[in-house]
Participant: 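Please see the structure below; I have some questions.
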Amino acid sequence: MKMKKLKEKIEEKLFRAKVKVLDELKNDDGIGVVEVILILLVIVGLIVIFKSQLTTIAKSIFGNITKEINTL
């Protein structure tokens, strides 16, 4: 008799755990993190691809700023 009750309790707890896990999998909160990671990967990829162009533009801008400061 005790084994049967113990088995029922274990099955009930396993069922509740299964329901909790399934509820968490349906939760949409984690999608935001995945989206942010994907956006960051795209930005890093673009920076790697256009590194030389970005470096040239940055040097040009800072060069113009330096010229303007020196003329003051």
Participant: Under the 4.5 Å side-chain heavy-atom rule for ILVMFWY, direct or indirect, which residues accompany Ile57?
Facilitator: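 Direct or chained contacts put Ile57 with Ile61, Phe62, Ile65, Ile69.
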
Participant: Applying side chain to side chain contact (heavy atoms under 4.5 Å, CB included), name anything that partners Leu40, two or more places apart in sequence or on another chain.
Facilitator: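 Scan of Leu40 (side chain to side chain contact (heavy atoms under 4.5 Å, CB included), adjacent residues dropped) gives Val36.
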
Participant: Quick one: list whatever passes side chain to side chain contact (heavy atoms under 4.5 Å, CB included) with Thr55, sequence neighbours left out.
Facilitator: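 If we apply the side chain to side chain contact (heavy atoms under 4.5 Å, CB included) test to Thr55, skipping adjacent residues, the hits are Lys51, Lys59.
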
Participant: List for me each residue that meets salt bridge (charged side-chain N to carboxylate O under 4.0 Å, His left out) alongside Glu12, sequence neighbours excluded, and say none if there are none.
Facilitator: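 If we apply the salt bridge (charged side-chain N to carboxylate O under 4.0 Å, His left out) test to Glu12, skipping adjacent residues, the hits are Arg16.
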
Participant: Which residues, ordered by chain and number, are linked to Ile43 in its hydrophobic cluster, where ILVMFWY side chains connect at heavy-atom gaps below 4.5 Å, directly or through other members?
Facilitator: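 So far as hydrophobic clustering goes, Ile43 is joined with Ile39, Val42, Leu46, Ile47, Ile49, Phe50, Leu54.
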
Participant: What residue pairs, at least two apart or across chains, pass side-chain hydrogen bond (donor to acceptor under 3.5 Å, both in side chains) with a residue in residues 61-72?
Facilitator: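 As it turns out, there is no side-chain hydrogen bond (donor to acceptor under 3.5 Å, both in side chains) pair with a partner in residues 61-72 once direct neighbours are skipped.
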
Participant: With clusters built from Ile, Leu, Val, Met, Phe, Trp and Tyr whose side-chain heavy atoms come within less than 4.5 Å, directly or transitively, what are the remaining members of the cluster of Val19, listed by chain and number?
Facilitator: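 Hydrophobic cluster check, Val19: joined to Phe15.
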
